[in-house]
Student: 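Before I ask anything, let me first share the structure, which is written out below as structure tokens.
We number each residue from 1, following the sequence as shown.
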Amino acid sequence: MADTTGNTGKTAGNSGETASDETNSSPRKSSWKYIGPGIVVAATGVGAGDLVATLIAGSNFGYTLLWAAVLGCLVKISLAEAAGRWHLSTGRTLFEGWASLGRWTTWFFVAYLVIWGFVYGAAAMSSSGLPLQALFPDVMDLKWWAILSGLVGLVFVWFNKYAVFEKVMTILVGVMFVVTVYLAIRVTPNLGDAFAGLLPVLPDEKDSILNTLGLIGGVGGTITLAAYGYWVNAKGWTNTGWMKVMRLDNRVAYATTGIFVIAMLIVGAELLHASNIAIASGDQGLVQLGGILEDEYGTATSKFFLIGFFATSFTSLIGVWHGVSLMFADFVERFRARRGASATGDEAAAGAEAGSGEAVASGAREKSWPFRAYLLWLTFPPMVLLFEGQPFRLIILYGVLGAAFLPFLALTLVWLLNSSRTPREWRNGPLSNAMLVIAGLLFIVLCVKQVWDQPWSEFF
């Protein structure tokens, strides 16, 4: 099987396996030394927008919705665990599973990647450029900082394989962790109120239910949850021998995510709510927070926060550049394999081989032309939006497709993991089914709200 660096070796249990192959065998028990994909998914999933949403929740409601932030992490644990379990138990990628459900999944996936990637590329570059402009205000305009961030992300992902990518993400997560925890301690949290916030209570405000559901659903990523299984394979985990390790890794991921969002909610509750200070939604809210921190605690604290802001944004950028490009490469390679085998009539077998976890673990996908083509799509076309602004109709489609992805992910995982496509012993149990169904219903509600709120009268 594949080793932990992403290079494929012999499959465990094959005849002729020697002592030299022991480093490629599955671990006998879960161990902290294997942790990696979880750190990547945590870093990618928690972007500047998540921190702002949590900060605003703390600003508006104090500690009241702390329980919702924690619940959001539990929901995402169930989704990521299900994606990882599919990859390890079947030996097939998630897109291979989706394709088995019908062609409609392929059409949705392609439309999502094309439109979402175009708009997200501009948003991710801008988010990474904002803290750099705040740190170096007289160097160049925001759009040039954004372009520089995108180009650096492109070059880094283009020339490095998963092992290096994971190490850099781990370092940046360390920066995020230190900064957010430092801020939470610096504002002197009220521990009594914080523990009281773990009780499920709704704020006494209009639309409090929808706001609470939005906070639960917004903690920790969208398509990055689906990318988790691909990172698991890229790490070299390709069979059920790695299941315990994957589950530990996944829990570490969302424990880390929980620390990030709880820390920012504490900052919002203590620094903003107590002083009745409002900040803007979106990434500009973090720039405002930098100014507030400078006024309250001095320039050093403000600069330290901006460094953490950059780490948060840039990990999301390179995480998407890598993970979603890996998913796109899987889609294209499977399509090409099936098309190439159409003459022999063995399309299904060719597609399954191309869509295997071993194919991802080999590392060849990260050097393939589909991987690099999607990298270019994420980087260069979105730069037009940095200069021209975002087209109105495209933004509406982006919002609708983005809102539809998590219900799609949750409900297709329920379908896949309760069917004969998954070996019986690794199918969903009652708890997994309950969590995935709850997640699906939650995201359907948020999707309907997102679609309803779009200005459709102006679209046509």
Student: Taking the six-membered ring for Trp and the full ring for Phe, Tyr or His, determine whether the centres of His87 and Tyr228 are under 6.0 Å apart.
Tutor: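 No, the ring centres sit 6.0 Å or more apart.
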
Student: Are His273 and Asn60 packed together at the side-chain level, in the sense that at least one heavy-atom pair is separated by less than 4.5 angstrom?
Tutor: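 Sidechains of Asn60 and His273: no contact.
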
Student: Heavy atoms, side chains only, cut-off 4.5 Å: are Leu265 and Leu55 in contact?
Tutor: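 Leu265 vs Leu55: side chains apart.
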
Student: What's the separation between atom CZ in Phe61 and atom CD1 in Ile56, rounded to the nearest 0.5 Å?
Tutor: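 Atom-to-atom, Phe61:CZ and Ile56:CD1 are 10.5 Å apart.
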
Student: Looking at every non-hydrogen atom in both residues, tell me the closest pair between Val324 and Leu113 and how far apart they are.
Tutor: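 Result for this residue pair: CG1-CD2, 3.4 Å.
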
Student: Tell me whether the count of non-hydrogen atoms from other residues, nucleotides or ligands lying under 6.0 Å of CZ in Phe177 goes above 12.
Tutor: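 No, the 6.0 Å shell around CZ holds no more than 12 heavy atoms from other groups.
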
Student: Would you compute the distance between atom CG of Asn433 and atom CG of Asn428 and round it to the nearest 0.5 angstrom?
Tutor: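 Nearest 0.5 Å value for the CG-CG distance: 4.0 Å.
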
Student: Determine whether the side chains of Arg421 and Ser100 contain a donor N or O and an acceptor N or O closer than 3.5 Å.
Tutor: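 Present: a donor and an acceptor within the cut-off.
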
Student: I need the Phe443 CZ to Leu411 CG distance, nearest 0.5 Å.
Tutor: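 Nearest 0.5 Å value for the CZ-CG distance: 10.5 Å.
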
Student: Is the shortest side-chain heavy-atom distance between Thr301 and Leu183 below 4.5 Å?
Tutor: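 In short, these two side chains touch, coming nearer than 4.5 Å.
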
Student: Say whether Thr238 and Asn233, considering side chains only, have a donor N or O and an acceptor N or O under 3.5 Å apart.
Tutor: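 No, Asn233 and Thr238 have no side-chain donor paired with an acceptor closer than 3.5 Å.
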
Student: Taking the six-membered ring for Trp, are Phe408 and Trp98 ring centroids under 6.0 Å apart?
Tutor: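 Between Phe408 and Trp98, the centre distance is under 6.0 Å.
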
Student: About how many Å separate OG of Ser78 and CZ of Arg85, when rounded to the nearest 0.5 Å?
Tutor: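 Here the rounded value is 10.0 Å.
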
Student: Any ion pair linking Asp453 and Lys449 (charged N to carboxylate O, less than 4.0 Å)?
Tutor: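 Here Lys449 pairs with Asp453 in a salt bridge, since their nearest N and O are under 4.0 Å apart.
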
Student: Donor-acceptor pair, Asn418 side chain versus Trp415 backbone, under 3.5 Å?
Tutor: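 No, Asn418 side chain to Trp415 backbone: no donor-acceptor pair under 3.5 Å.
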
Student: Of the non-hydrogen atoms in Val187 and Val267, which two are nearest, and what is the gap between them?
Tutor: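 So the minimum-distance heavy-atom pair works out to CG2-CA, 4.2 Å.
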
Student: So which atom in Thr224 and which in Trp231 form the shortest heavy-atom distance, rounded to 0.1 Å?
Tutor: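 So the two residues come closest at O-CZ3, 4.0 Å.
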
Student: Please name the pair of heavy atoms, one in Tyr162 and one in Val40, separated by the smallest distance, quoted to 0.1 Å.
Tutor: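 Shortest heavy-atom contact: OH-CG2, 3.9 Å.
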
Student: Does the side chain of Thr93 reach to within under 4.5 Å of the side chain of Trp86, using non-hydrogen atoms?
Tutor: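 Side chain of Thr93 against side chain of Trp86, heavy atoms only: no contact under 4.5 Å found.
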
Student: State, without any angle test, whether Ser149 and Ser128 hold a side-chain donor-acceptor pair at a distance under 3.5 Å.
Tutor: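 No, no side-chain donor-acceptor pair sits under 3.5 Å.
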
Student: Can you see which heavy atom on Pro370 is nearest to which on Ala329, and at what distance?
Tutor: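 Smallest heavy-atom distance, with atoms named: CB-CA, 3.8 Å.
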
Student: Compute the centroid of each ring, for Phe328 and then for Phe371, and state whether the two points are separated by less than 6.0 Å.
Tutor: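 They do not qualify: ring centres at least 6.0 Å apart.
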
Student: With a 4.5 Å heavy-atom cut-off, do Val451 and Trp456 have their side chains touching?
Tutor: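 Counting from C-beta outward, Val451 and Trp456 do come under 4.5 Å.
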
Student: Checking salt bridge (Lys or Arg N to Asp or Glu O under 4.0 Å) against Glu81, which of Lys76, Arg247, Arg251 comes through?
Tutor: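 The passing option is Arg247.
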
Student: Under 30°, 30 to 60°, or over 60°: which ring-plane class applies to Phe156 and Phe165, parallel, tilted or perpendicular?
Tutor: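 Ring orientation, 0 to 90° scale: tilted.
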
Student: Given side chains that start at C-beta, do those of Trp242 and Tyr34 come closer than 4.5 Å, heavy atoms only?
Tutor: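 The answer is yes, as the side chains (C-beta and beyond) meet within the 4.5 Å cut-off.
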
Student: Looking only at non-hydrogen atoms, find the nearest pair between Ser419 and Arg427 and report the distance.
Tutor: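 Here Ser419 and Arg427 meet closest at O-NE, 3.1 Å.
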
Student: State the CD-CD1 distance between Glu166 and Ile39, to the nearest 0.5 angstrom.
Tutor: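 It comes to 8.5 Å.
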
Student: Taking Thr379 as the fixed residue, which of Trp158, Trp321, Tyr374 is the one that meets the side-chain hydrogen bond (donor to acceptor under 3.5 Å, both in side chains) rule?
Tutor: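 Result: among Trp158, Trp321, Tyr374, Trp321 is the only option passing the side-chain hydrogen bond (donor to acceptor under 3.5 Å, both in side chains) with Thr379.
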
Student: Can you tell me how far apart CG (Leu148) and CG (Leu132) are? Round to the nearest 0.5 Å.
Tutor: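 If we round to the nearest 0.5 Å, Leu148:CG and Leu132:CG are 7.5 Å apart.
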
Student: Between the main-chain N or O of His322 and the side-chain N or O of Ser325, is there a donor-acceptor pair closer than 3.5 Å?
Tutor: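 Not confirmed, Ser325 side chain does not pair with His322 backbone.
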
Student: Does a donor on one side chain sit under 3.5 Å from an acceptor on the other, for Tyr63 and Glu270?
Tutor: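 Checked: Tyr63/Glu270 side chains pair up, N/O donor to acceptor below 3.5 Å.
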
